[in-house]
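Before any comments, here is the structure.
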Amino acid sequence: MSAVPQSSSLQPAVFELFVPGRLCIFGEHSDWAGAMRKYNHTLTPGRTIVVGTEQGLHAHVAALAEPVLRLHSTRDDGTSLEIELPLEASALAQEAQRGGFWSYAAGTAYRLLVDFGVGGLAIDNHKTTLPLKKGLSSSAALCVLVARAFNRAYGLKLTTRGEMQYAYEGERMTPSQCGKMDQACAFGRTPVLMTYDGDVLGVQGAAVGAALHLVLVDLAASKDTVIILEQLQAAFPHPATQEQRECVELLGPINADVTQRAVQLMAAGDVVALGALMTEAQAHFTARAAPLCPSQLTSPVLHSVLSHPPIQQHVYGGKGVGSQGDGTAQLLCRDAAAQAEVCRIITQDFGMHCMPFTVPPTPGCNGAAAASQAGAAAANSQATAAAAATAPEDANAIRANGTESIQATSDSSNGAGGLQQQLVQALQCVKRKQAELAFAQLRLKEIEAAVQAAGAQHTGLVTAVECI
C-alpha cells in the first residue's frame, strides 16, 4: 500500500457533491448475465439502456486528519443514520461483508484504501431525494459518492470510468452481487447504451428523438434485491432446468432483440411503439424470470399499477424498474399533461409517491434520420454480439480488456445510387455522430476539469471545480 496521499489543494476544506440514481429503461439483469460469458461463451452479451435520474444524493465532503471514515446520511424519509469506521482494511472489509446500509460505503472505501492508501474522510449526505431500495440504484449511487469523494479530496485522478470501477468492486464486496450497470449513475443525465461481454464494458450515447415523459412510481411495498439476484443467477452460467433455460433466453437473445428495437424507436422519437415495447418487455420478464423467484417477482403491486384502468388513456406502456419486484414502476406517458394527470391519479387512488421524470431529446437529433442510423448501429452491435457468441476467442482477441468503446458504423455502397446515394450516406454518418455527441461532451468536461486542476496545482492557486 502506498503512502497516504495528501488532501488535494484543488478542493476547499468542505465541498459539495451530487450523485444521481439511474433508471434502466430496458435490459435489467443483462449486465451480470453478460458478464457470465467469461465462463460460458455461448451466452449472449448483455445490453442495457440507462439514464441518470434527477433524484440523487447530496453531500458535503471534507478530508480528515485522523484515519477514520465518518458517515452521516439523511434518508429520503427524513430519518438519519451515522457511523464512524476506522480507516483500516480489516474493519472496512468486515463492515462490507456484514451487509446493511453502510456496507456499500465500507466496501468502496476498502478498495480505495488498499490501492491508494487514502486518508480520513467525512461524508455528510445531508439530503436524499432518491428513494431507497426501489430499483433506482441508491446503493450504487452511495458507492459512486464515496469513490468520487475520495477521488476529489485526495486528487486520485480517477476518470468517471475509474470511479465506476471502484464503486462496482466496493458493492461486490457486500452480499449484493450486482452487475456493472448500476454504477452508470456516474455518467449523470446522459442516456447511454451499455454492453457487457465478460469483463469488457462498452458505452455509447443513445439518441432520443422525442422527449420521454416518464412517471416513476414508488410502489410503497418491498423487495429483496439480494434474493432476486441469488435466485436468477443460479441459472448461470450453465442452466440445468427448463425454467433456468428460459431465464437465460430472456436475458440473452430476447433482451438483445428488445434493446435493439428500443434504440431505434428512441432515436426515431416513436414513443407510441416504445411504450408498447415496454409492456412487451415486462411480459417477457414476468413469464421467464418470475418463476425462478416467485417470492419477490410475482409483483402484485407492480401489476396492479401497470394495469390500473384510469391511467390507460394517458400512457403508452410501462414496466418494472431495476431488479424488478414491487419496488418502482416506470410509465411512459403521452405528453407532459398526461404525465401530470398520471401522477395525480396514482397518488389519489393508491397513495403512492410519483416522480415525474422527462428525458429530453438529444440536441440536433432528427427522428427519421436518427432512426436509420440507430437501426444500422443496433444491427451492427447485435451482429457483433452474435459473432462473439459463436467465435469467442477471435472476438476477445480484438478487444482491449476494459476499453471503453463508442461505436460507429458506416454503410457500404455498391455504386447503384450514384451521387444521391453517397449524399444520403454522408448525412447518415453526420447523424450518427450526433447520437454520440452528448456522451462525448461529458468526456470533454472531465478532460477540461483535469487540465484546469493541473494548472491550478502548478501555480498553487486554489480552485473548486465541481461537475457531475
Side-chain angles (χ1 to χ4, degrees), residues 20-28 48-56 129-131 134-137 184-185 187-193 205-219 258-259 261-282 302-322 327-350 352-368 370-371 374 435 438:
R22 68 97 186 96
L23 173 66
C24 179
I25 304 176
F26 288 95
E28 57 274 357
T48 62
I49 301 172
V50 186
V51 64
T53 65
E54 296 167 329
Q55 297 78 20
T129 56
L130 183 68
K134 298 299 181 181
L136 297 177
S137 199
C185 55
F187 286 116
R189 296 290 308 282
T190 303
V192 292
L193 170 66
V208 180
L212 306 181
H213 297 284
L214 295 162
V215 169
L216 307 182
V217 184
D218 180 348
L219 298 175
V258 167
T259 51
R261 285 186 283 152
V263 167
Q264 297 176 39
L265 294 172
M266 285 175 59
D270 190 346
V271 292
V272 177
L274 189 68
L277 186 59
M278 285 186 179
T279 301
E280 177 188 333
Q282 182 61 51
L302 169 67
H303 292 293
S304 67
V305 169
L306 294 178
S307 62
H308 192 47
I311 68 170
Q312 300 309 312
Q313 61 180 313
H314 304 294
V315 301
Y316 291 129
K319 58 187 288 293
V321 169
T328 300
Q330 60 176 320
L331 300 164
L332 182 58
C333 303
R334 293 174 178 269
D335 51 33
Q339 185 183 49
E341 183 63 11
V342 167
C343 289
R344 186 195 67 79
I345 293 172
I346 291 178
T347 300
Q348 173 183 287
D349 294 357
F350 293 95
M352 296 173 177
H353 176 61
C354 295
M355 298 168 283
F357 176 52
T358 300
V359 181
T362 302
C365 180
N366 178 293

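When a residue number appears, it is its place in the shown sequence, counting from 1.
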Interatomic distance, CG@Leu306 vs CD@Gln312, rounded to 0.5 Å, equals 8.5 Å
Of all the heavy-atom pairs spanning Thr347 and Cys354, show the shortest one and how long it is. OG1-SG, 4.0 Å
For residues 330-343, which side-chain N or O atoms pair as donor and acceptor with protein atoms under 3.5 Å away, sequence neighbours left out?
from   : atom 1 : to     : atom 2 : distance (Å)
Gln330 : NE2    : Cys24  : O      : 3.3
Gln330 : NE2    : Ile25  : O      : 3.4
Arg334 : NE     : Gln313 : O      : 2.6
Asp335 : OD1    : Ala337 : N      : 3.2
Asp335 : OD1    : Ala338 : N      : 2.8
Gln339 : NE2    : Leu214 : O      : 2.7
Gln339 : NE2    : Thr358 : OG1    : 3.3
Glu341 : OE1    : Arg344 : NE     : 3.2
Glu341 : OE2    : Arg344 : NE     : 3.2
Glu341 : OE2    : Arg344 : NH2    : 2.6

Counting only N and O atoms by type, is there a donor-acceptor contact under 3.5 Å from the side chain of Gln282 to the main-chain atoms of Gly320? yes
To the nearest 0.5 Å, how far apart are CG in Leu212 and CE in Met278? 7.0 Å
Minimum heavy-atom separation for Asp218 and Met352, please, with both atom names. O-CB, 3.4 Å
Where Val359 and Pro191 come nearest, the two heavy atoms and their spacing: CG1-CG, 3.9 Å
Leu216 side, atom CG; Met355 side, atom CE - distance, nearest 0.5 Å: 5.0 Å
Does Val208 offer a backbone N or O that forms a donor-acceptor pair with the side chain of Thr362 under 3.5 Å? yes
Hey, could you give me the CD1/CD1 distance between Ile311 and Ile346, rounded to the nearest 0.5 Å? 4.5 Å
Could you report the tightest heavy-atom contact between Leu302 and Ala329, atom names first, then the distance? CD1-CB, 3.6 Å
For the residue pair Val217 and Phe350, establish whether any side-chain heavy-atom pair is separated by less than 4.5 Å. no
Rounded distance (nearest 0.5 Å) linking atom OH of Tyr316 with atom CG of Leu274: 11.0 Å
Taking only residues two or more places apart in sequence or in another chain, which ones pass side-chain contact (heavy atoms from CB on, under 4.5 Å) with Pro310? His308, Ile345, Asp349
What is the distance from atom OG1 of Thr328 to atom NZ of Lys319, rounded to the nearest 0.5 Å? 11.5 Å
What is the minimum heavy-atom distance between Ala262 and Ile49, and which atoms define it? CB-CD1, 3.6 Å
Can you give me the closest heavy-atom contact between Ala211 and Val271, atom names plus distance? O-CG1, 3.9 Å
